[in-house]
Participant: 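Attaching a single structure in structure tokens format; questions to follow.
Just so it is clear, the structure is predicted and the values come from calculations on it, not from any experiment.
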Amino acid sequence: MNAPANPRHPPLGAAAAYGLFAFCLPVWGVNWPVLKIALGSMPPNWLNCARMGLCALCLFAALGIAGRLRLPGREDMPALLSIGVVMMGIFPAMLVMGLEFAQAGRASLLSFIAPLWVTPAAILLFGERLTRLKATGLAFGIGGLGVMFNPIGFDWSNSDVVYGNLLLVGSSMVWAVSILHMRHHVWRQSPFQLAPWQMLAATLVAALLGLVLEAGEPMRWSATLAWLLVYAGPLATTLTVLGIVAIVRSLPAITSSLLFLATPVAGMLASAAVLGEALTVTNLAGLALIVFGLAAVAVGETR
């Protein structure tokens with residue numbers, strides 16, 4: 001089932017969507033250890049507030065200079081709330097709070113198990129077809145995630161670790177809802193024109209959570225933290241909101257959710273390189289299964 005489209009703002013072709021994803025993936029992968037390091041200096045929700053706010057300022061400035069800044073219309077308010085409040089507000093809040101109690105590589109893994117939730121919803125609610133190759137890709141991808149998670153070696157006795165991992169699984173459910181809505185929303189304004197307003201909404205959500213949950217917690221400002229925020233905000237977050245919206249609009253929900261399984265692969269590799277997190281045999285086996293699954297999905301989508 002094809003997503004509804006506005007002829008003024010058509011989605012990308014499949015090849016362009018895959019190319020955009022390949023461009024964004026390394027940036028998203030490196031963002032995981034960047035956020036983990038930044039959490040050593042800022043509470044999680046204030047970290048989100050800072051990076052979303054910086055992203056909003058850059059987008060407002062860019063659209064203002066280009067003469068394309070417009071107030072969002074009533075028709076696009078659902079997309080503004082879905083992406084701004086849910087995807088960029090609630091999802092990152094759950095993610096960074098879970099990241100406090102989990103390794104960056106594991107956090108990137110658990111927060112992107114959205115195909116578990118997207119696939120049945122897309123089939124039952126929106127009539128998408130699960131072809132044999134896509135089903136194969138899903139099976140290998142989820143199998144790879146299961147191998148990497150390694151429940152046998154998980155410390156179930158540590159309540160903080162369990163709490164953090166539950167937050168990350170919950171964030172994947174929030175992510176799945178956003179994917180399905182973005183895919184089937186009829187866009188009146190372009191995603192680029194809506195992006196600064198969505199980032200403003202996300203900034204307000206993060207600030208509210210910071211005031212309620214983290215009032216009085218210390219922040220240690222430094223030049224290093226400033227550079228981390230520049231990377232996590234104007235670069236990584238901008239590419240997140242614009243890149244993900246463009247990709248999800250251009251590919252079926254099942255395909256895009258499976259494609260995003262490559263993000264924890266990039267996150268785990270970046271965390272190993274930057275933070276020295278161990279790449280175990282189970283991690284490498286899981287990575288291999290995910291890559292094979294992604295290849296199957298890509299071939300199935302091409303056919």
Participant: Indicate yes or no: at least one non-hydrogen side-chain atom of Leu69 is less than 4.5 angstrom from one of Trp197.
Facilitator: yes
Participant: Taking side-chain contact (heavy atoms from CB on, under 4.5 Å) as the definition, give me every residue that meets it alongside Ala272, ordered by chain and number, with sequence neighbours left out.
Facilitator: Leu279
Participant: Considering residues at least two apart in sequence or located in another chain, which fulfil the side chain to side chain donor-acceptor pair (under 3.5 Å) criterion with Ser82?
Facilitator: His181
Participant: List the atom of Ala202, the atom of Gly89, and the distance in Å for their closest heavy-atom pair.
Facilitator: CB-N, 4.1 Å
Participant: How far apart are the closest heavy atoms of Leu20 and Ala246, and which atoms are they?
Facilitator: CD2-CB, 3.7 Å
Participant: Between Leu251 and Tyr18, is there a side-chain heavy-atom distance shorter than 4.5 Å?
Facilitator: yes
Participant: Applying side chain to side chain donor-acceptor pair (under 3.5 Å), which residue pairs with at least one partner in residues 202-211 are found, sequence neighbours left out?
Facilitator: none
Participant: For Val205, what residues pass the side-chain contact (heavy atoms from CB on, under 4.5 Å) criterion, not counting sequence neighbours?
Facilitator: Val85, Leu209
Participant: Considering the options Thr263, Val274, Leu275, Leu269, which one meets the side chain to side chain contact (heavy atoms under 4.5 Å, CB included) requirement together with Trp32?
Facilitator: Thr263
Participant: Return all side-chain donor-acceptor pairs below 3.5 angstrom for residues 215-235, not counting sequence neighbours, or 'none' if the list is empty.
Facilitator:
from   : atom 1 : to     : atom 2 : distance (Å)
Arg220 : NH2    : Gly40  : O      : 2.2
Ser222 : OG     : Leu225 : N      : 3.1
Tyr231 : OH     : Val27  : O      : 3.0

Participant: Please list, chain by chain and in numerical order, all residues satisfying ring-ring contact (aromatic ring centres under 6.0 Å, His included) with Phe23, sequence neighbours excluded.
Facilitator: none
Participant: Does Trp28 have any side chain to side chain donor-acceptor pair (under 3.5 Å) partners at least two apart in sequence or in another chain, and if so, which?
Facilitator: Thr240
Participant: Less than 4.5 Å apart, any side-chain heavy atom of Leu168 and any of Tyr163?
Facilitator: no
Participant: Below 4.5 Å, heavy atoms only, C-beta onward: do Val174 and Met87 meet side chain to side chain?
Facilitator: no
Participant: Could you tell me the separation between the CE atom of Met42 and the CG atom of Leu35, rounded to the nearest 0.5 Å?
Facilitator: 11.5 Å
Participant: Tell me the closest heavy-atom pair linking Pro33 and Ser271, and the distance in Å.
Facilitator: CD-OG, 3.8 Å
Participant: Would you please name every residue forming a side chain to side chain donor-acceptor pair (under 3.5 Å) with Asn31, sequence neighbours left out?
Facilitator: none
Participant: With sequence neighbours excluded, tell me which residues meet side-chain contact (heavy atoms from CB on, under 4.5 Å) with Pro92.
Facilitator: Asn48, Arg51, Met52
Participant: Is the backbone of Asn45 close enough, under 3.5 Å, to the side chain of Glu214 for a donor and an acceptor to pair up by distance?
Facilitator: yes
Participant: Is there side-chain contact between Val245 and Leu194, with at least one heavy-atom pair below 4.5 Å?
Facilitator: no
Participant: If you look at every heavy atom in Ala195 and Leu242, which pair is closest and at what distance?
Facilitator: CB-CD2, 3.7 Å
Participant: If you look only at distance, which donor and acceptor atoms sit under 3.5 Å apart when one is on a side chain in residues 53-67 and the other is two or more places apart or in another chain?
Facilitator:
none

Participant: Look at the side-chain heavy atoms of Ile, Leu, Val, Met, Phe, Trp and Tyr, link any pair under 4.5 Å apart, and say whether Ile244 and Val177 land in one connected group.
Facilitator: no
Participant: Closest approach of Ala207 and Trp46, non-hydrogen atoms and distance?
Facilitator: O-CH2, 3.8 Å
